Amino acid sequence: MRLRDGLFALPSASISLDIKLGLKSGKAAICVKESSGIFKSVVEEVENFLKISKELSYECVRDRYGYIWFILSSSIEAETAAIDAIIDTIEKNGFSSNILAAVFEFLNKKRVYLIFRFNEKKFYPFVLINNKRDISEEMRIYTLIKNELPMIDDMERWYPMWNMPL
Amino acid sequence: MQRIKRDHGLTARIVLAFVVLALVYFVFLSILAYFGIGMIPLIAIGVFMVLIQYLISDKIVLWSTGARIVSREEYPILHDITDRLVMRIGLKKPKLAVMYSDIPNAFATGKSKSSAVVAVTSGLLNLLDDEELEGVIAHELAHIKNRDMLAITLASLFSTVAWYVMHYGWYGVSYNRRDNSAIIIAIIVAMITWFVSFLITRAISRYREYVADRDGAIITGKPIKLANALMKISGKMSRIPTRDLREVESLNAFFIIPAIGDSLANIFATHPPVEARIKRLMAMEERLY
(Lines give C-alpha, C1' and ligand atoms only; values in the text may rest on other atoms or scores of the structure.)
Protein backbone atom coordinates (compact mmCIF):
# COMPACT_ATOMS: atom_id res chain seq x y z
CA MET A 1 0.00 0.00 0.00
CA ARG A 2 1.32 3.37 -0.96
CA LEU A 3 1.42 6.04 1.70
CA ARG A 4 -0.56 8.38 -0.49
CA ASP A 5 -3.55 6.03 -0.58
CA GLY A 6 -5.29 8.12 2.08
CA LEU A 7 -5.65 10.77 -0.60
CA PHE A 8 -7.68 8.42 -2.76
CA ALA A 9 -10.18 7.74 0.02
CA LEU A 10 -11.19 11.39 -0.28
CA PRO A 11 -13.77 11.19 -3.12
CA SER A 12 -15.88 8.65 -1.22
CA ALA A 13 -15.50 10.56 2.05
CA SER A 14 -16.69 13.69 0.23
CA ILE A 15 -19.96 11.89 -0.52
CA SER A 16 -20.51 11.40 3.23
CA LEU A 17 -19.79 15.08 3.85
CA ASP A 18 -22.40 15.97 1.23
CA ILE A 19 -25.05 13.58 2.57
CA LYS A 20 -24.49 14.32 6.27
CA LEU A 21 -23.68 18.03 6.23
CA GLY A 22 -24.60 19.24 2.75
CA LEU A 23 -21.00 20.16 2.01
CA LYS A 24 -20.15 20.39 -1.70
CA SER A 25 -16.57 19.88 -2.75
CA GLY A 26 -14.97 22.95 -4.27
CA LYS A 27 -11.41 23.77 -5.27
CA ALA A 28 -8.33 21.86 -4.27
CA ALA A 29 -4.73 22.97 -3.96
CA ILE A 30 -1.25 21.78 -3.21
CA CYS A 31 1.09 23.98 -1.24
CA VAL A 32 4.84 23.64 -1.93
CA LYS A 33 7.79 25.58 -0.49
CA GLU A 34 9.68 27.41 -3.20
CA SER A 35 13.35 26.66 -3.76
CA SER A 36 16.09 27.99 -5.96
CA GLY A 37 17.90 26.14 -8.73
CA ILE A 38 16.12 23.46 -10.69
CA PHE A 39 12.95 23.91 -8.65
CA LYS A 40 11.92 26.46 -11.32
CA SER A 41 11.94 23.77 -13.97
CA VAL A 42 9.88 21.49 -11.70
CA VAL A 43 7.24 24.22 -11.45
CA GLU A 44 7.31 24.49 -15.25
CA GLU A 45 6.89 20.76 -15.61
CA VAL A 46 3.89 20.80 -13.26
CA GLU A 47 2.36 23.73 -15.11
CA ASN A 48 2.85 22.02 -18.47
CA PHE A 49 1.08 18.95 -17.14
CA LEU A 50 -1.80 21.06 -15.78
CA LYS A 51 -2.12 22.99 -19.07
CA ILE A 52 -2.77 19.84 -21.07
CA SER A 53 -5.29 18.44 -18.54
CA LYS A 54 -8.60 19.20 -20.21
CA GLU A 55 -10.88 18.35 -17.31
CA LEU A 56 -9.47 20.91 -14.90
CA SER A 57 -8.57 24.57 -14.77
CA TYR A 58 -5.72 25.75 -12.60
CA GLU A 59 -4.06 28.77 -11.11
CA CYS A 60 -0.54 29.19 -9.76
CA VAL A 61 -0.15 31.61 -6.82
CA ARG A 62 2.75 32.55 -4.56
CA ASP A 63 1.96 33.51 -0.94
CA ARG A 64 3.79 35.72 1.55
CA TYR A 65 5.26 32.71 3.36
CA GLY A 66 7.25 31.71 0.26
CA TYR A 67 4.98 28.88 -0.76
CA ILE A 68 3.72 28.20 -4.25
CA TRP A 69 0.11 27.05 -4.60
CA PHE A 70 -1.28 25.08 -7.53
CA ILE A 71 -5.01 25.67 -7.28
CA LEU A 72 -7.27 23.31 -9.20
CA SER A 73 -10.98 23.45 -10.01
CA SER A 74 -12.68 20.32 -11.22
CA SER A 75 -14.45 17.28 -9.78
CA ILE A 76 -12.92 15.98 -6.58
CA GLU A 77 -11.84 12.79 -8.40
CA ALA A 78 -9.95 14.77 -11.04
CA GLU A 79 -8.47 17.09 -8.42
CA THR A 80 -7.24 14.18 -6.32
CA ALA A 81 -5.71 12.47 -9.36
CA ALA A 82 -4.01 15.68 -10.47
CA ILE A 83 -2.59 16.33 -7.00
CA ASP A 84 -1.23 12.80 -6.95
CA ALA A 85 0.42 13.41 -10.33
CA ILE A 86 1.89 16.73 -9.11
CA ILE A 87 3.32 14.99 -6.03
CA ASP A 88 4.87 12.36 -8.35
CA THR A 89 6.54 15.04 -10.46
CA ILE A 90 7.91 16.90 -7.43
CA GLU A 91 9.13 13.71 -5.74
CA LYS A 92 10.80 12.47 -8.93
CA ASN A 93 12.87 15.67 -8.96
CA GLY A 94 13.90 15.28 -5.35
CA PHE A 95 11.79 18.03 -3.80
CA SER A 96 9.40 15.91 -1.75
CA SER A 97 10.45 17.62 1.48
CA ASN A 98 9.18 20.90 -0.01
CA ILE A 99 5.61 19.64 -0.18
CA LEU A 100 3.70 20.99 2.81
CA ALA A 101 0.09 20.00 2.33
CA ALA A 102 -2.79 19.51 -0.03
CA VAL A 103 -5.96 21.39 0.80
CA PHE A 104 -9.49 20.46 -0.23
CA GLU A 105 -12.29 22.94 0.04
CA PHE A 106 -15.90 22.06 0.91
CA LEU A 107 -18.58 24.66 0.96
CA ASN A 108 -22.03 25.43 2.20
CA LYS A 109 -22.55 28.41 4.53
CA LYS A 110 -19.24 27.50 6.10
CA ARG A 111 -15.85 27.11 4.55
CA VAL A 112 -14.58 23.68 5.44
CA TYR A 113 -11.07 22.63 4.50
CA LEU A 114 -9.54 19.21 4.75
CA ILE A 115 -5.80 19.65 5.01
CA PHE A 116 -3.69 16.67 3.95
CA ARG A 117 -0.33 16.82 5.71
CA PHE A 118 2.09 15.43 3.18
CA ASN A 119 4.68 14.15 5.68
CA GLU A 120 2.09 12.32 7.75
CA LYS A 121 -0.21 11.24 4.91
CA LYS A 122 -3.15 12.22 7.09
CA PHE A 123 -5.91 14.79 7.08
CA TYR A 124 -7.22 17.26 9.60
CA PRO A 125 -10.15 19.68 9.37
CA PHE A 126 -9.98 23.46 9.35
CA VAL A 127 -13.28 25.36 9.42
CA LEU A 128 -14.00 29.04 8.95
CA ILE A 129 -17.37 30.62 9.65
CA ASN A 130 -17.41 34.34 8.80
CA ASN A 131 -13.59 34.23 8.75
CA LYS A 132 -13.53 32.90 12.32
CA ARG A 133 -12.19 29.48 13.11
CA ASP A 134 -14.85 27.10 14.48
CA ILE A 135 -13.30 24.31 16.54
CA SER A 136 -16.59 22.60 17.35
CA GLU A 137 -17.37 22.28 13.65
CA GLU A 138 -13.87 20.87 13.10
CA MET A 139 -14.51 18.30 15.82
CA ARG A 140 -17.82 17.37 14.21
CA ILE A 141 -16.19 16.92 10.78
CA TYR A 142 -13.42 14.86 12.37
CA THR A 143 -15.97 12.65 14.09
CA LEU A 144 -18.00 12.10 10.94
CA ILE A 145 -15.18 11.10 8.62
CA LYS A 146 -12.58 9.53 10.89
CA ASN A 147 -13.69 6.05 9.82
CA GLU A 148 -13.30 6.87 6.15
CA LEU A 149 -10.12 8.92 6.03
CA PRO A 150 -6.80 8.68 7.84
CA MET A 151 -7.05 11.60 10.28
CA ILE A 152 -4.58 13.33 12.60
CA ASP A 153 -6.12 12.49 15.99
CA ASP A 154 -4.05 14.93 18.00
CA MET A 155 -5.84 18.27 17.96
CA GLU A 156 -2.63 19.94 19.11
CA ARG A 157 -1.41 19.45 15.58
CA TRP A 158 -4.42 20.94 13.82
CA TYR A 159 -2.52 24.00 12.58
CA PRO A 160 -4.65 26.63 10.89
CA MET A 161 -3.84 28.02 7.46
CA TRP A 162 -5.04 31.60 7.27
CA ASN A 163 -5.72 33.53 4.05
CA MET A 164 -5.27 30.62 1.72
CA PRO A 165 -5.31 31.72 -1.93
CA LEU A 166 -7.99 29.21 -2.93
CA MET B 1 -22.58 17.85 45.34
CA GLN B 2 -21.69 17.25 41.71
CA ARG B 3 -19.09 19.23 39.88
CA ILE B 4 -18.45 19.49 36.16
CA LYS B 5 -14.77 18.75 36.67
CA ARG B 6 -12.17 18.21 39.34
CA ASP B 7 -11.12 21.47 40.86
CA HIS B 8 -8.73 21.11 43.75
CA GLY B 9 -9.30 24.60 45.11
CA LEU B 10 -13.04 24.15 45.27
CA THR B 11 -12.75 20.61 46.59
CA ALA B 12 -10.30 21.73 49.25
CA ARG B 13 -12.65 24.40 50.58
CA ILE B 14 -15.59 22.03 50.81
CA VAL B 15 -13.50 19.26 52.35
CA LEU B 16 -12.05 21.73 54.84
CA ALA B 17 -15.56 22.83 55.85
CA PHE B 18 -16.63 19.25 56.50
CA VAL B 19 -13.37 18.32 58.26
CA VAL B 20 -13.77 21.29 60.60
CA LEU B 21 -17.32 20.15 61.28
CA ALA B 22 -16.12 16.61 62.01
CA LEU B 23 -13.50 18.01 64.44
CA VAL B 24 -16.19 20.05 66.18
CA TYR B 25 -18.26 16.87 66.57
CA PHE B 26 -15.28 14.98 67.88
CA VAL B 27 -14.43 17.62 70.47
CA PHE B 28 -18.08 18.03 71.44
CA LEU B 29 -18.67 14.28 71.84
CA SER B 30 -15.39 13.90 73.73
CA ILE B 31 -16.48 16.58 76.19
CA LEU B 32 -19.83 14.84 76.62
CA ALA B 33 -18.03 11.54 77.25
CA TYR B 34 -15.69 13.24 79.72
CA PHE B 35 -18.72 14.33 81.71
CA GLY B 36 -19.81 10.69 81.92
CA ILE B 37 -22.45 10.39 79.19
CA GLY B 38 -22.84 6.73 78.16
CA MET B 39 -21.98 5.12 74.82
CA ILE B 40 -25.59 4.71 73.59
CA PRO B 41 -26.72 8.34 74.09
CA LEU B 42 -23.36 9.41 72.67
CA ILE B 43 -24.04 7.46 69.46
CA ALA B 44 -27.58 8.87 69.33
CA ILE B 45 -26.24 12.41 69.61
CA GLY B 46 -23.64 11.64 66.94
CA VAL B 47 -26.27 10.28 64.52
CA PHE B 48 -28.46 13.30 65.18
CA MET B 49 -25.57 15.64 64.31
CA VAL B 50 -24.77 13.78 61.11
CA LEU B 51 -28.46 14.00 60.17
CA ILE B 52 -28.49 17.77 60.74
CA GLN B 53 -25.33 18.05 58.70
CA TYR B 54 -27.02 16.21 55.85
CA LEU B 55 -30.08 18.43 56.05
CA ILE B 56 -28.07 21.65 55.80
CA SER B 57 -25.31 20.24 53.57
CA ASP B 58 -26.27 22.40 50.57
CA LYS B 59 -26.06 25.51 52.73
CA ILE B 60 -22.63 24.39 53.91
CA VAL B 61 -21.56 23.89 50.30
CA LEU B 62 -22.86 27.30 49.19
CA TRP B 63 -21.31 28.99 52.21
CA SER B 64 -17.91 27.33 51.87
CA THR B 65 -17.66 28.05 48.12
CA GLY B 66 -18.92 31.60 48.46
CA ALA B 67 -21.67 30.97 45.91
CA ARG B 68 -24.46 33.53 45.93
CA ILE B 69 -28.01 32.96 44.66
CA VAL B 70 -28.54 35.32 41.71
CA SER B 71 -31.69 36.85 40.25
CA ARG B 72 -32.87 37.00 36.64
CA GLU B 73 -32.10 40.72 36.53
CA GLU B 74 -28.45 40.06 37.35
CA TYR B 75 -27.91 37.08 35.02
CA PRO B 76 -30.68 37.02 32.38
CA ILE B 77 -28.90 34.63 29.97
CA LEU B 78 -28.15 32.10 32.70
CA HIS B 79 -31.81 32.16 33.73
CA ASP B 80 -33.10 31.95 30.15
CA ILE B 81 -30.91 28.96 29.33
CA THR B 82 -31.99 27.18 32.52
CA ASP B 83 -35.69 28.00 31.90
CA ARG B 84 -35.61 26.45 28.44
CA LEU B 85 -33.89 23.32 29.67
CA VAL B 86 -36.11 22.67 32.71
CA MET B 87 -39.18 23.14 30.52
CA ARG B 88 -37.88 20.52 28.12
CA ILE B 89 -37.21 17.90 30.79
CA GLY B 90 -40.06 18.75 33.17
CA LEU B 91 -37.94 19.60 36.19
CA LYS B 92 -38.63 22.26 38.80
CA LYS B 93 -36.24 25.13 38.13
CA PRO B 94 -33.35 25.01 40.60
CA LYS B 95 -31.99 28.12 42.27
CA LEU B 96 -29.07 29.60 40.36
CA ALA B 97 -25.90 30.72 42.09
CA VAL B 98 -22.69 32.40 40.95
CA MET B 99 -19.27 32.15 42.59
CA TYR B 100 -16.75 34.89 41.88
CA SER B 101 -13.76 32.90 40.70
CA ASP B 102 -11.71 32.96 37.52
CA ILE B 103 -11.48 29.17 37.56
CA PRO B 104 -14.24 27.87 35.28
CA ASN B 105 -16.48 25.41 37.10
CA ALA B 106 -20.05 24.49 37.90
CA PHE B 107 -21.84 22.27 40.36
CA ALA B 108 -25.27 21.15 41.42
CA THR B 109 -26.21 20.58 45.04
CA GLY B 110 -29.32 19.91 47.10
CA LYS B 111 -31.02 17.00 48.80
CA SER B 112 -33.98 16.73 46.47
CA LYS B 113 -35.13 17.68 42.99
CA SER B 114 -37.20 20.54 44.39
CA SER B 115 -34.55 22.16 46.59
CA ALA B 116 -31.61 21.98 44.21
CA VAL B 117 -29.09 24.70 43.43
CA VAL B 118 -26.95 24.98 40.32
CA ALA B 119 -23.87 27.13 40.80
CA VAL B 120 -21.42 28.40 38.20
CA THR B 121 -18.28 30.48 38.52
CA SER B 122 -17.91 33.87 36.89
CA GLY B 123 -14.90 32.36 35.10
CA LEU B 124 -17.15 29.79 33.47
CA LEU B 125 -19.59 32.45 32.29
CA ASN B 126 -16.74 34.44 30.74
CA LEU B 127 -15.14 31.43 29.07
CA LEU B 128 -18.09 29.67 27.44
CA ASP B 129 -20.42 30.76 24.69
CA ASP B 130 -24.17 30.32 25.18
CA GLU B 131 -24.40 26.88 23.59
CA GLU B 132 -21.50 25.56 25.66
CA LEU B 133 -23.01 27.02 28.82
CA GLU B 134 -26.28 25.33 27.90
CA GLY B 135 -24.38 22.03 27.69
CA VAL B 136 -22.89 22.50 31.17
CA ILE B 137 -26.22 23.54 32.74
CA ALA B 138 -27.91 20.53 31.09
CA HIS B 139 -25.20 18.30 32.61
CA GLU B 140 -25.94 19.73 36.09
CA LEU B 141 -29.71 19.42 35.58
CA ALA B 142 -29.19 15.78 34.60
CA HIS B 143 -27.45 15.27 37.97
CA ILE B 144 -30.49 16.76 39.71
CA LYS B 145 -32.98 14.77 37.63
CA ASN B 146 -31.08 11.55 38.29
CA ARG B 147 -30.99 12.34 42.04
CA ASP B 148 -27.23 11.92 41.97
CA MET B 149 -26.70 13.95 45.13
CA LEU B 150 -28.92 11.50 47.01
CA ALA B 151 -27.24 8.50 45.34
CA ILE B 152 -23.80 9.72 46.34
CA THR B 153 -24.97 10.64 49.85
CA LEU B 154 -26.51 7.23 50.42
CA ALA B 155 -23.44 5.52 48.99
CA SER B 156 -21.20 7.53 51.26
CA LEU B 157 -23.40 6.99 54.32
CA PHE B 158 -21.70 3.66 54.94
CA SER B 159 -18.29 5.22 54.77
CA THR B 160 -19.40 8.07 57.07
CA VAL B 161 -20.79 5.68 59.67
CA ALA B 162 -17.73 3.46 59.40
CA TRP B 163 -15.53 6.51 59.79
CA TYR B 164 -17.25 7.46 63.06
CA VAL B 165 -17.03 3.88 64.36
CA MET B 166 -13.29 3.96 63.63
CA HIS B 167 -12.88 7.18 65.61
CA TYR B 168 -15.05 6.55 68.62
CA GLY B 169 -14.02 2.90 68.66
CA TRP B 170 -10.47 3.95 69.60
CA TYR B 171 -11.97 6.21 72.16
CA GLY B 172 -13.76 3.15 73.60
CA VAL B 173 -10.50 1.19 73.73
CA SER B 174 -8.84 3.67 76.02
CA TYR B 175 -11.74 3.97 78.44
CA ASN B 176 -13.22 0.48 78.47
CA ARG B 177 -10.37 -1.90 79.32
CA ARG B 178 -12.47 -4.98 80.04
CA ASP B 179 -13.50 -5.88 76.50
CA ASN B 180 -10.89 -4.44 74.19
CA SER B 181 -10.65 -7.35 71.69
CA ALA B 182 -14.29 -7.00 70.56
CA ILE B 183 -13.84 -3.28 70.03
CA ILE B 184 -10.62 -3.81 68.07
CA ILE B 185 -12.40 -6.29 65.77
CA ALA B 186 -15.21 -3.75 65.32
CA ILE B 187 -12.63 -1.12 64.42
CA ILE B 188 -10.97 -3.40 61.85
CA VAL B 189 -14.34 -4.23 60.29
CA ALA B 190 -15.15 -0.52 60.26
CA MET B 191 -11.85 0.22 58.52
CA ILE B 192 -12.52 -2.34 55.81
CA THR B 193 -16.10 -1.09 55.41
CA TRP B 194 -14.87 2.47 55.17
CA PHE B 195 -12.25 1.62 52.54
CA VAL B 196 -14.56 -0.50 50.38
CA SER B 197 -17.42 1.97 50.56
CA PHE B 198 -15.00 4.77 49.73
CA LEU B 199 -13.96 2.95 46.54
CA ILE B 200 -17.56 2.15 45.63
CA THR B 201 -18.61 5.76 46.18
CA ARG B 202 -15.91 6.93 43.82
CA ALA B 203 -16.83 4.36 41.17
CA ILE B 204 -20.51 5.33 41.40
CA SER B 205 -19.67 9.00 41.16
CA ARG B 206 -17.49 8.45 38.06
CA TYR B 207 -20.30 6.51 36.46
CA ARG B 208 -22.90 9.17 37.36
CA GLU B 209 -20.64 11.70 35.64
CA TYR B 210 -20.79 9.81 32.35
CA VAL B 211 -24.55 9.42 32.71
CA ALA B 212 -24.98 13.17 33.33
CA ASP B 213 -22.85 13.91 30.24
CA ARG B 214 -24.99 11.58 28.16
CA ASP B 215 -28.33 12.83 29.52
CA GLY B 216 -27.21 16.44 29.31
CA ALA B 217 -26.21 15.94 25.67
CA ILE B 218 -29.57 14.29 24.93
CA ILE B 219 -31.41 17.24 26.53
CA THR B 220 -29.62 19.81 24.37
CA GLY B 221 -29.18 17.57 21.32
CA LYS B 222 -25.67 19.01 20.97
CA PRO B 223 -23.09 16.64 22.47
CA ILE B 224 -20.28 18.42 20.66
CA LYS B 225 -21.04 21.64 22.55
CA LEU B 226 -20.61 19.95 25.94
CA ALA B 227 -17.41 18.36 24.60
CA ASN B 228 -16.26 21.86 23.64
CA ALA B 229 -17.14 23.21 27.06
CA LEU B 230 -15.14 20.40 28.70
CA MET B 231 -12.20 21.17 26.43
CA LYS B 232 -12.31 24.83 27.41
CA ILE B 233 -12.77 24.12 31.13
CA SER B 234 -9.91 21.62 31.20
CA GLY B 235 -7.65 23.97 29.24
CA LYS B 236 -7.36 21.62 26.27
CA MET B 237 -8.91 24.17 23.94
CA SER B 238 -6.05 26.59 24.49
CA ARG B 239 -3.60 23.92 23.32
CA ILE B 240 -5.06 23.85 19.84
CA PRO B 241 -2.59 25.82 17.76
CA THR B 242 -3.46 29.23 16.34
CA ARG B 243 -0.21 29.72 14.48
CA ASP B 244 -0.26 29.15 10.74
CA LEU B 245 1.05 25.81 9.50
CA ARG B 246 3.40 27.52 7.05
CA GLU B 247 4.88 29.69 9.80
CA VAL B 248 5.36 26.72 12.14
CA GLU B 249 6.92 24.68 9.36
CA SER B 250 9.53 27.34 8.57
CA LEU B 251 10.39 27.70 12.28
CA ASN B 252 10.97 23.98 12.56
CA ALA B 253 13.85 24.23 10.13
CA PHE B 254 15.86 26.05 12.80
CA PHE B 255 14.81 23.97 15.77
CA ILE B 256 16.76 20.87 16.70
CA ILE B 257 13.78 19.33 18.44
CA PRO B 258 10.72 19.69 16.22
CA ALA B 259 7.74 21.42 17.79
CA ILE B 260 5.49 18.88 16.14
CA GLY B 261 5.92 15.51 17.75
CA ASP B 262 4.26 12.52 19.32
CA SER B 263 5.36 13.54 22.81
CA LEU B 264 2.37 15.84 23.12
CA ALA B 265 -0.72 14.39 24.69
CA ASN B 266 -3.16 12.90 22.23
CA ILE B 267 -6.61 13.67 23.50
CA PHE B 268 -8.28 10.98 21.44
CA ALA B 269 -5.84 8.15 22.07
CA THR B 270 -5.44 8.49 25.82
CA HIS B 271 -8.16 7.83 28.34
CA PRO B 272 -7.93 9.98 31.43
CA PRO B 273 -11.34 11.27 32.54
CA VAL B 274 -11.81 14.47 30.52
CA GLU B 275 -10.49 12.87 27.34
CA ALA B 276 -12.73 9.84 27.84
CA ARG B 277 -15.74 12.08 28.37
CA ILE B 278 -14.99 14.13 25.27
CA LYS B 279 -14.52 10.95 23.29
CA ARG B 280 -17.90 9.58 24.40
CA LEU B 281 -19.61 12.85 23.56
CA MET B 282 -18.03 12.87 20.11
CA ALA B 283 -19.25 9.32 19.54
CA MET B 284 -22.76 10.54 20.46
CA GLU B 285 -22.40 13.36 17.95
CA GLU B 286 -21.43 10.84 15.28
CA ARG B 287 -24.64 8.88 15.88
CA LEU B 288 -26.73 12.00 15.31
CA TYR B 289 -25.89 11.89 11.59
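Chain letters run A, B, ... following the sequence lines, proteins first, then strands; residues in each count from 1. Values in this document were obtained by computation on a predicted structure and should not be read as measured data.
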With a 6.0 Å cut-off (strictly less than), is the heavy-atom count around [atom1] of [X], excluding the residue itself, greater than 12?
X: Lys27(A); atom1: NZ; value: no
X: Lys95(B); atom1: NZ; value: no
X: Asn48(A); atom1: CG; value: yes
X: Ile69(B); atom1: CD1; value: yes
X: Lys40(A); atom1: NZ; value: no

Got a second to check how far [X]'s [atom1] is from [Y]'s [atom2], nearest 0.5 Å?
X: Asp153(A); Y: Lys279(B); atom1: CG; atom2: NZ; value: 8.0 Å
X: Arg239(B); Y: Arg157(A); atom1: CZ; atom2: CZ; value: 13.0 Å
X: Ser136(A); Y: Leu226(B); atom1: OG; atom2: CG; value: 12.5 Å

Check ion pair Arg140(A)-Glu286(B) (N to O, under 4.0 angstrom): no

Sort by residue number and list every member of [range] having a non-hydrogen atom under 4.5 Å from chain B.
range: residues 10-22 of chain A; answer: Lys20(A), Leu21(A)
range: residues 50-57 of chain A; answer: none
range: residues 100-113 of chain A; answer: Leu100(A), Ala101(A)

Step-by-step side chain to side chain contact (heavy atoms under 4.5 Å, CB included) determination, Tyr124(A) to Leu245(B): CA-CA 12 Å; Tyr124(A) 66 90; Leu245(B) 176 64; 3.7 Å; yes

Under 4.5 Å from any heavy atom of chain A - which part of Lys222(B): neither

List the atom of [X], the atom of [Y], and the distance in Å for their closest heavy-atom pair.
X: Met139(A); Y: Ala227(B); value: CE-CB, 4.2 Å
X: Met161(A); Y: Asp244(B); value: CA-OD2, 3.2 Å
X: Pro241(B); Y: Trp158(A); value: CG-O, 3.5 Å

Side chain to side chain contact (heavy atoms under 4.5 Å, CB included) between Met231(B) and Met155(A), worked out: CA-CA 11 Å; Met231(B) 283 180 70; Met155(A) 292 179 72; 3.6 Å; yes

Most chain B-contacting option - heavy-atom pairs closer than 4.5 Å, from Leu144(A), Thr143(A), Asn147(A), Asn163(A): Thr143(A)

Tyr142(A)/Met282(B) under side chain to side chain contact (heavy atoms under 4.5 Å, CB included): CA gap, chis, key distance, verdict: CA-CA 9 Å; Tyr142(A) 166 88; Met282(B) 287 176 78; 3.6 Å; yes

Trp162(A) (side chain) donor-acceptor with Arg243(B) (main chain) under 3.5 angstrom: no

Residue pairs passing the ring-ring contact (aromatic ring centres under 6.0 Å, His included) test where at least one lies in residues 55-87 of chain A, sequence neighbours excluded: none

Side chain to side chain contact (heavy atoms under 4.5 Å, CB included) between Glu156(A) and Ile240(B), worked out: CA-CA 5 Å; Glu156(A) 290 176 32; Ile240(B) 295 172; 5.7 Å; no

